[in-house]
> 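Got a structure here, written out as structure tokens. Questions coming.
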Protein chains: 2
Amino acid sequence: MRAIKIPEKTVTRLSIYLRCVEELEGEGTASVSSKQLADRFGLNSAQVRKDLAYFGQFGIRGLGYYITPLRHSLEEILGLKRAWEVALVGLGNLGSALIAYRGFQEKGFKISVVFDRDPGKVGRRIDGIPVMDTGTIVSVVRKRKIKIGILAVPAAGAQAVLDALVKGGVIAVLNFAPAQLTAPDSVKVQNVDLSALLKTLSYHIARAEQPKPRTP
Amino acid sequence: MRAIKIPEKTVTRLSIYLRCVEELEGEGTASVSSKQLADRFGLNSAQVRKDLAYFGQFGIRGLGYYITPLRHSLEEILGLKRAWEVALVGLGNLGSALIAYRGFQEKGFKISVVFDRDPGKVGRRIDGIPVMDTGTIVSVVRKRKIKIGILAVPAAGAQAVLDALVKGGVIAVLNFAPAQLTAPDSVKVQNVDLSALLKTLSYHIARAEQPKPRTP
DNA sequence: TAGATTGTTAATCGATTAACAATC
DNA sequence: TAGATTGTTAATCGATTAACAATC
């Protein structure tokens, strides 16, 4: 029996499909073909079918996909049928921002503990969430069986924090620190370098502004 | 003369290289080979050389790359030799968070105007930044010659805001709204769907927890 | 049954990695 | 000069897209 390798990009697209399907469901659509989905949301129909086929047979030949069952399947695959507890590390500007941001909680990801090393912050509660010392990460995360961590600390301390999270049993991390972190293969680290994203934008502007090479 | 297509991923990696080079420079290193760089930061040396070679010849055979000149070249390529003004649209939780977050300003991206449609917010100043009505995007952005926009509005209104930004002359957009937006090819849109990122993480946890197939 | 659309295999495309001649 | 490392071409790998038999 071969373990079929599912491309990372396929998983990323799954949440795009889910969003599209949610939208269609909201409009009361009963079923959709991969072609319709692709045309409407700017996707490729073959890719939609191939991506879905990694996980099972969700469609009906000659008809397409029933919306509601497909949504349920996507939620099941993505592990969204349950709520996840999340540990946030770093209560600086970005960390505070992420707590205030409701987007995560709405999607079933609940920040249930925050870690910071500033004694002035430790022991307080932010939005009802307890702030604990960074030194207690391993034990607290382990005790609460938390599997998802968010890193919102400066780059310099990020690796040590990641190590602690991993030691405590965390297996998926959203990292906002601009640093090349290392973790065991079993741990999934998603990097989000906001400044780097802006830098690629500035590259594109610089390219777009200067080159006025020749008017044919 | 052929226009060499530079892969998007190469541009993304450029800012990673810049970060590495900055770190080495901080340590007082004078030069580095692609191999050293790759070993230390978990990159591939051939890829480093190939990526850089898209933009010119920055190395010296037998020696490697001189750190400081390479940093300057990377900054020049990425358009970081100047400060950029940025227009932020949406002063909700995420928008406020992005203003409080110092990361952008530090890297030369200055949020110089914020747009919101809430009359209760318009006219005020946040952190010294004027809050203006969303209806004025086109004229304000055009007048100030702003080229970069950040979208922190709900998905429903995102396309209209993007259209306004583009009409005003913006050519690069960082989009936090979970929506499939369309823009002219000349406009670069970078999507950052934070919830989608968490969803791929929850997928990985779901995979990691269940499958305990057989112990050989 | 005829028409439509899936699931899947084959073809294409692009990106990564390896190899090496050029050259410091 | 000998050793090292670049810039670049060729080989490999993986992902996307096209094509089509299976089948609703």
Side-chain angles (χ1 to χ4, degrees), chain A residues 1-17 20-21 24 29-71 73-74 77 180 185 200 203, chain B residues 1-17 20-21 24 29-71 73-74 77 180 185 200 203:
Chain A
M1 212 220 263
R2 287 295 293 105
I4 317 101
K5 171 72 181 58
I6 293 166
E8 193 57 35
K9 292 204 167 183
T10 290
V11 178
T12 303
R13 281 191 295 266
L14 247 37
S15 62
I16 294 175
Y17 302 153
C20 300
V21 165
L24 291 169
T29 311
S31 70
V32 70
S33 73
S34 59
K35 181 73 164 49
Q36 292 173 315
L37 207 61
D39 288 350
R40 167 144 175 194
F41 297 99
L43 312 168
N44 178 296
S45 64
Q47 190 167 65
V48 170
R49 295 197 300 278
K50 194 160 211 278
D51 283 341
L52 294 176
Y54 278 112
F55 300 94
Q57 313 212 147
F58 304 110
I60 291 153
R61 289 163 198 242
L63 180 99
Y65 301 84
Y66 281 112
I67 294 289
T68 302
L70 179 57
R71 173 176 63 73
S73 300
L74 287 169
I77 294 165
Q180 225 64 16
D185 286 348
T200 73
Y203 165 85
Chain B
M1 215 220 264
R2 287 297 291 103
I4 319 99
K5 172 70 179 59
I6 293 166
E8 193 58 33
K9 292 204 167 185
T10 289
V11 178
T12 303
R13 282 191 295 265
L14 248 36
S15 61
I16 294 174
Y17 302 154
C20 300
V21 165
L24 290 170
T29 311
S31 70
V32 71
S33 73
S34 59
K35 181 73 165 48
Q36 292 173 315
L37 207 60
D39 287 349
R40 166 145 174 192
F41 297 100
L43 313 168
N44 177 296
S45 65
Q47 190 167 64
V48 170
R49 295 198 299 279
K50 195 160 209 277
D51 283 340
L52 293 175
Y54 279 112
F55 300 94
Q57 314 212 148
F58 304 109
I60 291 154
R61 288 162 199 243
L63 181 97
Y65 302 84
Y66 281 112
I67 295 287
T68 302
L70 179 57
R71 174 176 61 75
S73 300
L74 287 169
I77 294 164
Q180 224 64 12
D185 285 347
T200 72
Y203 164 85

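Since the model is a prediction, treat every value here as computed from it, not as a measurement. To find a chain, count down the sequence lines: A is the first, B the second, and so on, and within it residues start at 1.
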> Given atom CD of B/Gln57 and atom P of D/dT5, what is their separation to the nearest angstrom?
18 Å

> Would you kindly give the CD1-to-C1' distance between B/Ile16 and C/dT16, to the nearest whole Å?
15 Å

> May I have the distance from B/Arg13 (atom CZ) to C/dA15 (atom C1'), rounded to whole angstrom?
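The answer, rounded to whole Å, is 8 Å.
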
> Quick check against the 3.5 Å criterion: does B/Thr12 have a side-chain atom that pairs as donor or acceptor with the backbone of B/Glu8?
yes

> Regarding B/Ser34, tell me which of base, sugar-phosphate or nothing describes its non-hydrogen contacts under 4.0 Å with the strands shown.
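Since only primed, P, OP1 and OP2 atoms lie under 4.0 Å of B/Ser34, the category is sugar-phosphate.
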
> Pairs in or reaching into residues 45-62 of chain B: which pass side chain to side chain donor-acceptor pair (under 3.5 Å), with residues at least two apart or in two chains?
B/Thr10-B/Asp51, B/Arg13-B/Asp51, B/Tyr17-B/Asp51, B/Ser34-B/Arg49

> Of all the heavy-atom pairs spanning A/Pro7 and A/Lys5, show the shortest one and how long it is.
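Of all heavy-atom pairs spanning A/Pro7 and A/Lys5, the closest is CD-O, 3.5 Å.
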
> Less than 4.5 Å apart, any side-chain heavy atom of A/Phe58 and any of A/Ile77?
yes

> Any side-chain heavy atom of A/Leu52 sitting closer than 4.5 Å to one from A/Leu74?
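Yes, close enough: below the 4.5 Å cut-off.
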
> Tabulate atom names and distances for all N/O pairs under 3.5 angstrom spanning the protein and nucleotides 1-3 of chain D.
none

> Given atom CD1 of B/Ile6 and atom C1' of C/dA15, what is their separation to the nearest angstrom?
15 Å

> Can you tell if the side chain of B/Val48 reaches within under 4.5 Å of the side chain of B/Phe41, non-hydrogen atoms only?
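No. Closest side-chain heavy atoms not under 4.5 Å.
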
> Would you say the side chain of B/Val32 lies within less than 4.5 Å of the side chain of B/Arg40, judging by non-hydrogen atoms?
no

> In whole angstroms, how far is the P atom of C/dT6 from the NZ atom of A/Lys35?
11 Å

> Rounded off to whole Å, could you give me the NZ-to-P distance for the B/Lys5 and C/dC13 pair?
15 Å

> Which sits closer to the 5' end of DNA chain D, A/Pro7 or B/Phe58, going by the nucleotide each is nearest to?
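Upstream on the strand: B/Phe58.
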
> Of all of residues 43-55 of chain B, which get a heavy atom below 4.0 angstrom from DNA chain C, listed by number?
B/Asn44, B/Ala46, B/Gln47, B/Arg49, B/Lys50

> With sequence neighbours left out, what residues match A/Lys35 under salt bridge (Lys or Arg N to Asp or Glu O under 4.0 Å)?
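Salt bridge (Lys or Arg N to Asp or Glu O under 4.0 Å) list for A/Lys35, sorted by chain: A/Asp39.
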
> What pattern of brackets, bars and dots sums up DNA chain C from 5' to 3', given Watson-Crick or G-U wobble pairs under 3.5 Å, [ ] for crossing pairs and | for another strand?
..||||||||||||||||||||||

> When rounded to the nearest 0.5 angstrom, what is the spacing between OG in A/Ser31 and CD1 in A/Ile67?
7.0 Å

> Grab the two heavy atoms, one from A/Asn44 and one from A/Ala46, that are nearest each other, plus how far apart they are.
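Heavy atoms of A/Asn44 and A/Ala46 come nearest at OD1-N, 2.8 Å.
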
> For residues 62-71 of chain B, pull every pair meeting side chain to side chain donor-acceptor pair (under 3.5 Å), keeping only residues two or more places apart or in separate chains.
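Of all non-adjacent pairs touching residues 62-71 of chain B, those that pass side chain to side chain donor-acceptor pair (under 3.5 Å) are B/Glu25-B/Thr68, B/Glu25-B/Arg71, B/Arg71-B/Glu75.
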
> Just how far, in rounded Å, is P of D/dA4 from OH of B/Tyr66?
17 Å

